Asker: 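Okay, here's the structure, questions in a sec.
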Amino acid sequence: IAIVYYSLYGHIGSLAKSVAKGVTAAGGAADLFQIPETLSEPRRVEDVLQKMHAPPRDTTIPDITPEKLAEYDGFLLGVPTRYGNSVAQWRQFWDQTGGLWAKGALHGKFAGIFVSTGTVGGGQEVTALNNISTLAHHGIIYVPLGYKNTFPQFADVNVVRGGSAWGAGTFAAADGSRQVSDVEHTVAEIQGKTFYETLAKHQF
C-alpha cells in the first residue's frame with residue numbers, strides 16, 4: 001500500500017504514520033510518500049514555509065512521482081482541505097497522471113482518503129467526495145471507512161475529533177496549533193487496518 005499525502009503543518013503527516021501502522025498490523029506492507037512541493041525558485045521553500053509559520057518539510061519521507069503509483073495495489077491518500085477541496089499541490093500531482101489514465105494503469109486498484117481541516121465545518125466530508133471524482137476517472141475503487149469498526153469513536157459526541165464514515169481526519173485549528181488527538185490517531189490506525197483487510201479480501 002502506498003500512503004501518499006501532502007502536509008504543510010504536519011497534521012496529515014502525523015495521521016499518515018498511524019494509517020501505516022494500521023496497514024502493517026493487518027499484515028500489509030506500507031510505504032509513505034509525500035506529494036512534491038510546488039513552491040519553487042527564486043523563492044526558497046524554507047523561507048516561504050517560515051513566513052507561513054509552517055514547520056520545515058519532513059525530508060525523511062520521499063516524494064512520489066505519478067508513475068510510482070502503478071507499482072502498488074492500493075493507496076491511502078492524505079488530503080489537506082482548502083475550502084472543501086484539495087490543496088493546489090495535490091491537484092497538480094493528479095493532473096500529471098494523464099499518461100497513467102490513458103493506459104488504464106490504475107484501473108481496479110483500491111484507495112481510501114483521510115483529511116485535515118482547520119475547523120469543524122471545514123469540509124472534511126466534501127473533500128473526500130470531491131476526490132472520488134478523480135478516482136472514478138482512473139477506475140480506482142474507493143473504500144470508505146464506514147462505522148462498523150469506528151462506532152465507539154464516532155458515537156462519542158463529547159470528544160472533539162475529526163473524521164467520518166468517509167475516512168479518518170483531524171482538526172488543525174485555524175492557526176494550525178492543534179495537534180492530532182489520540183482518538184484521531186486511533187481512527188486513522190483503524191482505517192489503515194480495515195482498508196488492507198478489505199483489499200486483501202477482494203484482491204488476493
Side-chain angles (χ1 to χ4, degrees), residues 1-8 11-13 15-17 19-20 22-23 26 28-41 45 57-58 61-117 122-146 163-169 188 191-204:
I1 306 301
I3 299 173
V4 185
Y5 69 91
Y6 177 80
S7 191
L8 180 61
H11 299 81
I12 285 284
L15 277 183
K17 292 173 183 176
V19 169
V23 171
D31 294 332
L32 287 161
F33 296 99
Q34 294 188 85
I35 295 292
E37 184 56 77
T38 58
L39 302 173
S40 59
E41 300 297 343
V45 172
R57 186 169 169 83
D58 185 352
I61 307 298
D63 284 351
I64 191 170
T65 62
E67 293 72 25
K68 191 75 174 173
L69 294 173
E71 300 177 15
Y72 289 85
D73 298 307
F75 324 105
L76 283 159
L77 310 173
V79 187
T81 295
R82 296 293 185 274
Y83 309 116
N85 217 318
S86 308
V87 294
Q89 290 87 345
W90 188 262
R91 189 64 257 164
Q92 179 166 311
F93 174 80
W94 281 102
D95 284 348
Q96 297 173 35
T97 61
L100 295 172
W101 168 81
K103 295 184 293 186
L106 306 182
H107 187 88
K109 295 180 185 290
F110 293 75
I113 298 168
F114 57 101
V115 299
S116 174
T117 57
Q124 294 202 358
E125 293 187 3
V126 74
T127 297
L129 177 62
N130 287 334
N131 278 274
I132 290 173
S133 175
T134 299
L135 302 182
H137 280 265
H138 276 285
I140 299 171
I141 301 164
Y142 166 64
V143 180
L145 174 58
S164 70
W166 298 80
Q191 182 171 11
K193 182 175 185 293
T194 58
F195 175 82
Y196 184 76
E197 290 172 345
T198 299
L199 187 151
K201 182 192 304 181
H202 291 89
Q203 189 83 343
F204 303 114

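Note that the structure is a prediction, hence the values are computed from the model and not measured.
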Asker: How long is the gap from CD1 on I3 to CD1 on I12, to the nearest 0.5 Å?
Answerer: 12.0 Å
Asker: Check whether any side-chain heavy atom of P144 lies under 4.5 Å from a side-chain heavy atom of W166, and answer yes or no.
Answerer: no
Asker: Kindly compute the distance separating CD (Q96) from CD (E67), expressed to the nearest 0.5 Å.
Answerer: 8.5 Å
Asker: Identify which one of I1, V143, I140 satisfies the side-chain contact (heavy atoms from CB on, under 4.5 Å) criterion when paired with F75.
Answerer: I140
Asker: Is the closest basic N to carboxylate O distance between K201 and E197 below 4.0 Å?
Answerer: no
Asker: Could you check T194, D73, I141 and say which one makes a side-chain contact (heavy atoms from CB on, under 4.5 Å) with L199?
Answerer: D73
Asker: Check the pair Y5, I61 against side chain to side chain contact (heavy atoms under 4.5 Å, CB included), reporting the backbone distance first and the verdict last.
Answerer: CA-CA 10 Å; Y5 69 91; I61 307 298; 3.4 Å; yes
Asker: Has T117 got a side-chain atom pairing as donor or acceptor with G122's backbone, closer than 3.5 angstrom?
Answerer: no
Asker: Mind checking whether H202 and F110 have parallel, tilted or perpendicular rings, split at 30° and 60°?
Answerer: tilted
Asker: Decide yes or no on ring-ring contact (aromatic ring centres under 6.0 Å, His included) for H107 and W101, but give the supporting numbers first.
Answerer: CA-CA 8 Å; H107 187 88; W101 168 81; over 10 Å; no
Asker: Between the side chain of Q191 and the main-chain N/O of I113, is any donor-acceptor distance below 3.5 Å?
Answerer: yes
Asker: Would you please say whether a donor-acceptor pair under 3.5 Å links the side chains of Y142 and N131?
Answerer: no
